[in-house]
Amino acid sequence: MKQYISALGLSALLLVACGNSGSTANNDTVQTEAQAFLDKYTAEYVKLYTNSSEAQWKSNTEIVEGDSTNTVNAAKADEAMAAFTGSKENIAQAKKFMEQKDKLTDIQVKQLELILYAAANNPQTIADVVKQRIKAENEQTRQLYSFQYMYNGKKVSTNDLDAALKSETDLNKRLAAWEASKEVGKSLKGGLVNLRNLRNKTVQELGYHDYFSYQVSDYHMEANEMMQTMDKLMNELYPLYRELHTWMRYEMAKKYGAKDVPDYLPAHWLPNRWGQDWSSVVNVEGIDLDKILATKSKEWIVKEGEKLYTSIGFPALPETFWQKSSLYPYRADSNVKKNNHASAWHMNLDKDVRSLMSVEPNAEWWETANHELGHIYYYMTYTNKDVPPLLRGGANRAYHEAIGTMMGLAAMQKPYLAGRGLIDANVKTDSVQALLKEALNSVVFIFFSSGTMSNFEKALYVDNLPENQFNAKWWELAKKYQGIVPPSARGEEYCDAATKTHINDDPAQYYDYALSYVILYQLHNHIAKNILKQDPRATNYYGQTGIGDFLKKITYPGASKDWRTVLKESTGDELNAKAMLEYFQPLVSWLKEQNKGKKYTLPESL
């Protein structure tokens, strides 16, 4: 869940807007009138946003089967927000000023554009449809996170299922864990069909073709342009992915004692419920991070994450973060459930920042905690006097993910781990194995995010995919882009796509994550070569205040500066995968040697 619009004191709006000393008298009048509207809108928006955030927080952290109180309250708060952002008066006022945008400051125009973008998701000209959508969204979230998973006759959490898929070697037990993780999809399919229809109807009212196209427009792109960008990214990385897929098939067949090597990877052979991350199958000699972190506490994991940020020049987390966040898992048999997907929240677009996690002392949560704190520090940095409340977001949605994922990656590199005392600095490690482990995370993820997820949601919203084809389409895409197949036939009584939280409560935005990986490697490459003067594959960010200065320059403006400009100014380059390809280049020749004489089953090109 991305909580990415952000806020400040209202005086900043006027301070920034009044900086155009060359305005004509007429321009001054229009700017003054526009500013009065923006001030009034912002004050109400921040109040309603805060109320909605608080209600959603309770709805995500206090889920009790049979008790819909929090869900109802969240829906009411969201309805109040929708009624305001989508009001006919606000739409008319924003459009009126946009017709004179040549007389306004750039920052006023950006705020008005955001107001109209928000209005398109909540137009009160069809208030009943908006109300139905909000109710359906909150109910879908409740259904997803109140579900009781069962494995081997016991109540389990998703953390338990994830652990089984990472460590279990008995294929029958792996199959049981994988199938258990998909049971929730059955109860979510009807809600997803309803949500697809309601989301499309909502945005069509203000002229968008569909909900996917609406979400993509936040990048100032068309849906087809975004999908072409995804295709370009995958095509650039495909030769490497094909090598990884071939290596993985043979490696897993050997691990499980399979007589024959399958042409496509059975989903239950993989260490992740959706096959989006295969990295745990590789243990880098000298770095058994799970074993090391098992001796630490859950609390230590998060505190150490904070230390990384403070060491590069960011402030300590506010005390309210520790008091109000929900950082650790509930007991598996607890009657109260919570959203088990890690997320960061900017509660009031000001100082109240929180994280929702279920931290365990292991490598995955070590990386995740550092990632989520990246979002938190992004919030904290663009909460400043120069960024108006409505523009307190990332340069684009992908930037938030890029910063978080980059910091998670940095916390996993050998020099950093050695510097933090988690491993011996002199321990011998296999650099190729370390790079392979990273590729099985980053490169593999691209084909899930750009391929399976983005194409499924495009089919769902743009192409209005028939509900009797949901599961068939999901597995068609997983086979094409990831080279993964289900353990056995999966009929339409299942809805395996809906087991992924984003399909339900963060819809039509998964390409954000793919773009974020490209941006993060561009940023990391710049940091390594220009600030640290280190190999990008072996860096230690700790204590390097130059990195903090670099990141503050990127994050301070929030959404007040165009994302392309931010990237060009910070790295000197346009959006491209060159840095990512260069990073993994040493792995290619090793994989080709390993795969000699083996059967490649993926086609030579997508």
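The chain is numbered in sequence order, starting from 1.
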**OP:** Starting from the C-alpha separation in whole Å, work towards a yes-or-no answer on salt bridge (Lys or Arg N to Asp or Glu O under 4.0 Å) for E99 and K96.
**Re:** CA-CA 5 Å; E99 288 171 359; K96 180 187 78 172; over 6 Å; no
**OP:** Could you please spell out the steps behind the side chain to side chain contact (heavy atoms under 4.5 Å, CB included) verdict for L356 and T61?
**Re:** CA-CA 8 Å; L356 173 57; T61 58; 3.8 Å; yes
Original post:
Going through the distances and angles, do H209 and Y461 end up as a side chain to side chain contact (heavy atoms under 4.5 Å, CB included)?
Top reply: CA-CA 9 Å; H209 178 270; Y461 292 102; over 6 Å; no
**OP:** I would like to know whether S217 and M221 meet side chain to side chain contact (heavy atoms under 4.5 Å, CB included); could you show each step before the answer?
**Re:** CA-CA 5 Å; S217 73; M221 297 169 76; over 6 Å; no
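A donor-acceptor pair is defined here as one N or O able to donate and one able to accept, closer than 3.5 Å; no such pair exists between the side chain of Q124 and the backbone of S87.
Around NZ of K135, the count of heavy atoms belonging to other residues, nucleotides or ligands within 6.0 Å does not exceed 12. Within 6.0 Å of CD in E205 there are more than 12 heavy atoms belonging to other residues, nucleotides or ligands.
Using modelled atom types and a 3.5 Å distance limit, the side chains of Y330 and N340 yield no donor-acceptor pair. A donor and an acceptor atom, one from each side chain of T499 and W274, are located under 3.5 Å apart. Side-chain polar atoms of Q509 and D506 form a donor-acceptor pair below 3.5 angstrom. When only modelled atom types and interatomic distance are considered, N348 and Y49 share no side-chain donor-acceptor pair under 3.5 Å. If you check the side chains of N122 and T85, you find a donor sitting under 3.5 Å from an acceptor. A donor-acceptor pair shorter than 3.5 Å cannot be found between the side chains of H526 and Y521. Side-chain contact annotation: T29 with N26, donor-acceptor N/O pair under 3.5 Å absent. Between the side chains of D512 and S516, no donor-acceptor pair of N or O atoms lies under 3.5 Å. Side-chain contact, D39 with Q35: a donor N or O sits under 3.5 Å from an acceptor N or O.
Ring centroid separation for the pair Y117 and Y214 comes in under the 6.0 Å cut-off.
For the pair K568 and W563, the cation-pi test (distance below 6.0 Å, angle within 45°) is failed. The cationic group of K338 does not satisfy the cation-pi geometry with Y145, failing either the under 6.0 Å distance to the six-membered ring centre or the 45° limit from the ring axis. A cation-pi arrangement is found for K189 relative to F470, the charged atom lying closer than 6.0 Å to the ring centre and inside a 45° cone about the ring normal.
Ring geometry for Y513 versus H502: interplanar angle over 60°, hence perpendicular rather than tilted (30 to 60°). The aromatic rings of F84 and Y41 lie tilted to each other, with the angle between the two planes from 30° to 60°.
For K578 and D573, the salt-bridge test passes: some basic side-chain N is under 4.0 Å from an acidic carboxylate O. Note on R133 versus E137: salt bridge recorded, some NZ/NE/NH1/NH2 to OD/OE distance being below 4.0 Å. Between K232 and E236 there is a salt bridge, since a side-chain N of the basic residue sits under 4.0 Å from a carboxylate O of the acidic one. Contact check on K307 versus E304 returns a salt bridge, with a Lys/Arg side-chain nitrogen under 4.0 Å from an Asp/Glu carboxylate oxygen.
Sorted by first and then second residue, the salt bridge (Lys or Arg N to Asp or Glu O under 4.0 Å) pairs with a member in residues 42-56 read E44-K47, E54-R354; sequence neighbours excluded. Residue pairs meeting the salt bridge (Lys or Arg N to Asp or Glu O under 4.0 Å) criterion with at least one partner in residues 63-86, sequence neighbours excluded, are absent.
Checked against Y377 for a ring pair (Phe, Tyr, Trp, His ring centres under 6.0 Å), the options F314, Y382, F321 give a single hit: F314.
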